[in-house]
Amino acid sequence: MVFGTLIGAILSATLSSEEMSAWGWRVPFAVGALMGLYSLIMRARMKETDHFTETKQLSVTVKQDPMVKQIWQNRVRALQVIGLTVGLTVLYYIWSVSTPAYAIKVLGMDASVALWVGVAANLCFMAFFPLWGMLSDRIGRRPVMLISNIGGAVMQIPLSMMVQGEWWQLFLAMFGMLLFISGSAAIVPAIYAELFPTSIRTVGVAIPYSIAVAVFGGTAAYLQAGFQEWFGNSGGMAFSVYAILLLLVSALTAYKIPESRGKVL
């Protein structure tokens with residue numbers, strides 16, 4: 001996301017509007033295609049963990065349940081993955097993608113300025129990851145998730161009201177919200193992995209996570225625009241309420257999952 005925003009910022013600063021409309025908008029897609037190919041080659045060459053290899057060899061001699069049956073047996077964990085993801089994915093897409101776009105299209109902020117602010121805020125977002133990770137190793141996964149989701153819910157409306165058209169307002173608002181979002185983003189990969197047994201871990205995480213991101217994160221920008229259309233001046237507040245409700249769902253899910261700090265996988 002940072003790399004994509006960075007490309008947008010560079011193109012906006014170096015190309016005219018005519019050049020951007022004619023061919024510049026294709027550049028990020030071409031770069032993305034090359035990166036996708038690189039990722040495919042890299043992942044094809046990655047080695048599995050020793051424990052997974054041992055488990056796979058064991059499954060040759062010990063008959064295991066079919067994968068579909070294993071997914072069904074772990075359906076509660078799959079629903080927990082969705083619950084943990086819905087608030088985070090909507091809030092991240094709102095603040096990392098939609099907010100700079102809102103500043104450009106609605107508030108009239110210069111596109112390159114808004115995109116550079118987005119890059120800076122997202123770099124700060126990434127810098128918080130190891131700090132939240134260390135905190136979760138000290139006090140547990142659940143408290144960090146609760147701080148992240150409840151903090152985001154409390155600050156959603158005040159920080160949305162802060163975005164008024166100046167670059168520093170945009171940065172402070174994005175910085176403040178991404179600080180809370182990074183708490184969840186830093187540790188949910190570990191939480192997802194700790195929920196599932198080795199034999200079903202990849203599929204058990206991938207399917208519900210992808211569903212949650214596609215259904216909730218993928219529709220966030222459209223719903224945000226839709227709420228503005230349906231509710232007029234109250235659209236922003238209505239969408240914030242929607243985001244807050246999803247954050248509370250994630251907080252409740254985090255409260256219900258077993259604490260996994262220090263768990264041996």
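We use all heavy atoms of the structure for the numbers below, so side chains are in, but hydrogens, waters and symmetry mates are not.
Side-chain atoms of Ser96 and Tyr92 include a donor-acceptor pair closer than 3.5 Å. Counting only N and O atoms by type, the side chains of Tyr192 and Thr85 include a donor and acceptor under 3.5 Å apart. For the 3.5 Å distance criterion, the side chains of Gln80 and Thr253 fail to qualify, holding no donor opposite an acceptor. For Gln156 and Trp95, the side-chain atoms include at least one donor-acceptor pair closer than 3.5 Å. Side chain to side chain, Ser12 and Ser112 fail the donor-acceptor criterion of an N or O pair below 3.5 Å.
Hydrophobic clustering of Ile, Leu, Val, Met, Phe, Trp and Tyr side chains at less than 4.5 Å, counting indirect connections, keeps Leu107 apart from Met161. Residues Leu115 and Met109 fall into different hydrophobic clusters, defined by Ile, Leu, Val, Met, Phe, Trp and Tyr side chains chained together at heavy-atom separations under 4.5 Å. Val106 is connected to Val97 through a chain of hydrophobic side-chain contacts under 4.5 Å among Ile, Leu, Val, Met, Phe, Trp and Tyr, so both are in one cluster. A chain of hydrophobic side-chain contacts below 4.5 Å, direct or via other Ile, Leu, Val, Met, Phe, Trp or Tyr residues, connects Met162 to Ile181. Linking ILVMFWY side-chain heavy atoms closer than 4.5 Å, directly or via other members, places Val154 and Ile244 in two distinct hydrophobic clusters.
Annotation: the span from Leu247 atom CG to Leu252 atom CG amounts to 12.5 Å, rounded to 0.5 Å. In this structure, CG on Leu84 lies 6.5 Å from OG on Ser250, to the nearest 0.5 angstrom. Here the CZ-CD1 distance, from Phe216 to Ile211, works out to 10.5 Å after rounding to the nearest 0.5 Å. To the nearest 0.5 angstrom, Ser182 atom OG is 8.5 Å from Leu131 atom CG. Interatomic distance, Leu6 CG to Leu123 CG, rounded to the nearest 0.5 Å: 8.5 Å. Taking CG of Leu170 as the start and CG of Leu159 as the end, the distance is 11.5 Å to the nearest 0.5 Å.
Here the side chains of Ile10 and Trp116 are in contact, with some heavy-atom distance below 4.5 Å. Side-chain contact between Leu11 and Val27 is present, with at least one heavy-atom pair separated by less than 4.5 Å. Looking only at side-chain heavy atoms (C-beta outward), Trp132 and Leu179 come within less than 4.5 Å of each other.
More than 12 heavy-atom neighbours from other residues, nucleotides or ligands sit within 6.0 angstrom of CZ on Phe129. Sparse packing is recorded around CE of Met126, with 12 or fewer heavy atoms of other residues, nucleotides or ligands lying under 6.0 Å away.
Minimum heavy-atom separation, Met145 to Ser184: SD-OG, 3.7 Å. The heavy-atom pair separating Gly152 from Met177 by the smallest distance is O-CE, 3.5 Å. The minimum heavy-atom distance linking Gly183 with Val144 is given by the pair O-CG1, 3.6 Å. Considering every non-hydrogen atom in both Val81 and Tyr209, the closest pair reads CG1-N, 3.8 Å. Nearest heavy atom pair, residue Gly118 against residue Met174, reads CA-CE, 3.9 Å. Nearest heavy atoms, Ser98 versus Gln224: CB-OE1, 3.1 Å.
When atom types are taken as modelled, the side chain of Glu166 and the backbone of Trp168 share no donor-acceptor pair closer than 3.5 angstrom. With hydrogens and angles ignored, the 3.5 Å screen pairs a side-chain donor or acceptor of Arg201 with a backbone N or O of Ala193. A donor-acceptor pair is defined here as one N or O able to donate and one able to accept, closer than 3.5 Å; such a pair exists between the side chain of Arg26 and the backbone of Ala22.
In this structure, Trp25 shares a hydrophobic cluster with Phe29, the cluster being traced through Ile, Leu, Val, Met, Phe, Trp and Tyr side chains under 4.5 angstrom apart.
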Problem set entry | Trace of the side-chain contact (heavy atoms from CB on, under 4.5 Å) decision for Ile82 with Val86 | CA-CA 6 Å; Ile82 293 175; Val86 290; 4.0 Å; yes

Problem set entry | Arg141 and Glu194: CA distance, side-chain angles, deciding distance, side-chain contact (heavy atoms from CB on, under 4.5 Å) verdict | CA-CA 11 Å; Arg141 315 289 194 224; Glu194 291 161 349; 3.0 Å; yes

For this session: Could you walk me through whether Ile7 and Val31 pass side-chain contact (heavy atoms from CB on, under 4.5 Å), step by step?
Result: CA-CA 9 Å; Ile7 291 176; Val31 174; 3.8 Å; yes

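A ring pair (Phe, Tyr, Trp, His ring centres under 6.0 Å) with Phe239 holds for exactly one of Phe227, Tyr93, Phe231, Tyr102; it is Phe227.
Using a 30° and 60° split on the angle between ring planes, Phe175 and Phe128 fall in the perpendicular class, above 60°.
Remark: Arg75 qualifies as a cation-pi partner of Trp72 under the 6.0 Å distance and 45° angle criteria applied to the six-membered ring.
Every residue was checked against the salt bridge (Lys or Arg N to Asp or Glu O under 4.0 Å) condition with Asp110, not counting sequence neighbours, and none meets it.
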